[in-house]
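A, B, ... follow the sequence lines: proteins, then strands. Residue 1 opens every chain.
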Protein chains: 2
Amino acid sequence: MRQISQYLSVDCVLFGYNGSELEVLIVDRTLNDEKSGELVINDCTLTGNHVYEDEPIEEAANRVLFDLTGLDNVFLEQFKTFAHPNRLKRPNDQLWLKSTGRNPEARIITVGFYSLVATDKVKLQWKGRNVRWVPVSEVGELAFDHNLILEEALRTLQTRIKYEPITFELLPDKFTLTQLQNVYEAIWGIELDKRNFRKKVARMKYLIQLDEKQTGVAHKPARLYVFSRDVYDKTKKELFDFTI
Amino acid sequence: MRQISQYLSVDCVLFGYNGSELEVLIVDRTLNDEKSGELVINDCTLTGNHVYEDEPIEEAANRVLFDLTGLDNVFLEQFKTFAHPNRLKRPNDQLWLKSTGRNPEARIITVGFYSLVATDKVKLQWKGRNVRWVPVSEVGELAFDHNLILEEALRTLQTRIKYEPITFELLPDKFTLTQLQNVYEAIWGIELDKRNFRKKVARMKYLIQLDEKQTGVAHKPARLYVFSRDVYDKTKKELFDFTI
DNA sequence: TCAAAAGTGTTTCAGATACACCCATGT
DNA sequence: ACATGGGTGTATCTGAAACACTTTTGA
């Protein structure tokens, strides 16, 4: 029997992109009173989970994502650890811990990961709990310290996309330059100039133009591109070209 | 009696600059056999410590630094958490844990912080244990997973100084532009052009030229500068000018 | 034929790079 | 007087920013 760590968890901020907005995966947390059946907790959390005693945290985070999306090999990066002694001390959180058999007094520290997926690659599923995409701008108050975790994850993402080629993770394998531009715009919350953007990405050899075009769109169909990690790894010098 | 967490620690990678090289603070770890008195462990670690159950990790890290340097308000940033189940499983590490009254089977996770100080501000002192500055390039094999931690800290530092005004932390309050340039060169391990460097920093309004010069040097004395966080906070837009 | 997004070029300006000599001080 | 590091300017090139119209498709 595999032991669960009583002190360590992982939380995954799973970002997705729906074609216009940056979204994040949110789980409903509901608790009914044992006797009255009355709904005593009804709020939301990020996706997270326990870590097995013999399990590296990266594996635990991957496990959460796999359970959730069925996807393996998802982009995943540790960004910060949250360990404040009071992070689970709000009344609802204490109630929740008790009702799920945890010691509400224990200090549980959580390692935050963020992850990027193309929402259309994902069929959501999580052990009967209700899971859904919510635009980052519309996320309300979350349980635990999850608003803080989300905030830090977003800040990390905003910085990271300047220097690392990870925006592709939010798109289908084949994507248009407009989609790529939209991802940057959604993450930064600003608008970019189309011509300048295209001049910029034209320099990136690892963005490979295909002989394919969009179909089924009611306008001039756009060319499709793929990201080549191979080419990227061979031309790492251009890393900082990602500053846009 | 304040309880110590059995599962959580902090490690601080304390970087210093000695005028020519980037250094890191290293602690000797020695253990004598109880009976024979023979030296059974004689190696080095980074500086780290336990966390009290009711103590935020940032405070724990600050406490380590204060005990070590007598300095408060030192630059300190969490960079990564290390939690691999086998991270303390090498024979010497197991021996050490046993001999210091810890459970060698327990999984101890550690949150890594890095910190920057001007070595000449510091009088080292650490509970009788031998502590010293070692150039980063000359650090040998360290105990636990501390080589990995150091590596990640250095990588973080190299990236961070491109976008954040933190190099000043490694210098005396008043410094010369050559010293500043040397810090970048030491951290990146490359040489920079003096004239171009000066043109670049001349644009940074938060580098304030004093009406003071070096004294006691056997050459034309250099002008002294200070970093103004005030001005920096007011002109944050220029953040990315730090790319050098 | 219209609506909708794709795609494209020029000008101007700021900053990156490359590069070599004279200056002020202590010994 | 000499050794040492301080301090400066110019020319060239690359990339950032600002900006508007034509093209291709489906409805």
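- Atom-to-atom, CD of Gln181(B) to P of dG7(D) comes out at 12 Å; the value is rounded to the nearest Å.
- Atom CZ of Phe175(A) is separated from atom P of dA5(C) by 20 Å (rounded to the nearest Å).
- Nucleic acid contact for Arg223(B): sugar-phosphate only, since backbone atoms but no base atoms lie under 4.0 Å from a heavy atom of the residue.
- Candidate nucleotides dG7(D), dG7(C), dA6(C) were compared by shortest atom distance to the side chain of Ala222(B), and dG7(D) ranks first.
- Considering only residues two or more places apart in sequence or on other chains, Pro135(A) meets the side chain to side chain contact (heavy atoms under 4.5 Å, CB included) condition with Glu21(A), Glu23(A), Ser137(A), Glu138(A).
- Straight-line distance from the CG atom of Leu180(A) to the P atom of dA6(C): 12 Å, rounded to whole Å.
- Computed from coordinates, the Arg198(A) CZ to dA5(C) P distance equals 13 Å when rounded to whole Å.
- Neither side chain, Arg160(B) nor Thr167(B), offers a donor N or O lying under 3.5 Å from an acceptor on the other.
- Here dA18(D) presents its P atom at 11 Å from CD1 of Ile190(A), a figure rounded to the nearest Å.
- Glu169(B) contributes no side-chain N or O that, together with a main-chain N or O of Val74(B), makes up a donor-acceptor pair within less than 3.5 Å.
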Exercise. How does protein reach along nucleotides 19-27 of chain C, written 5' to 3' as B (base within reach of a heavy atom under 4.0 Å), S (only sugar-phosphate), or - (no contact)?
Worked result: BB--BBBS-
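- Listed pair Lys200(A) / dG15(D) fails the phosphate criterion, with no side-chain N or O lying under 4.0 Å from OP1 or OP2.
- Asn147(A) places a side-chain N or O within donor-acceptor distance of the main-chain N or O of Leu142(A), the cut-off being under 3.5 Å.
- In this structure, CZ in Phe144(A) is found 4.5 Å from CZ in Arg29(A), a value given to the nearest 0.5 Å.
- Residue Phe75(A) is tested with Phe113(A), Phe168(A), Phe227(A), Tyr114(A) for a ring pair (Phe, Tyr, Trp, His ring centres under 6.0 Å); the sole match is Tyr114(A).
- Contact between the side-chain N/O atoms of Thr178(B) and the OP1/OP2 oxygens of dG6(D) is found at a separation under 4.0 Å.
- Partners of Leu210(A) according to the side chain to side chain contact (heavy atoms under 4.5 Å, CB included) rule, which considers only residues two or more places apart in sequence or in another chain, are Lys174(A), Glu212(A), Leu224(A), Val226(A).
- The nearest whole Å value for the distance from the CZ atom in Phe197(B) to the P atom in dG15(C) is 16 Å.
- Residue Gln179(B) contributes atom CD, which lies 13 Å from atom P of dG5(D) at whole-angstrom precision.
- When the side-chain nitrogen and oxygen atoms of Arg203(A) are compared with OP1 and OP2 of dA16(D), one or more of them lie within a distance under 4.0 Å.
- As a whole-Å value, the separation of Leu177(B) CG from dG6(D) P is 9 Å.
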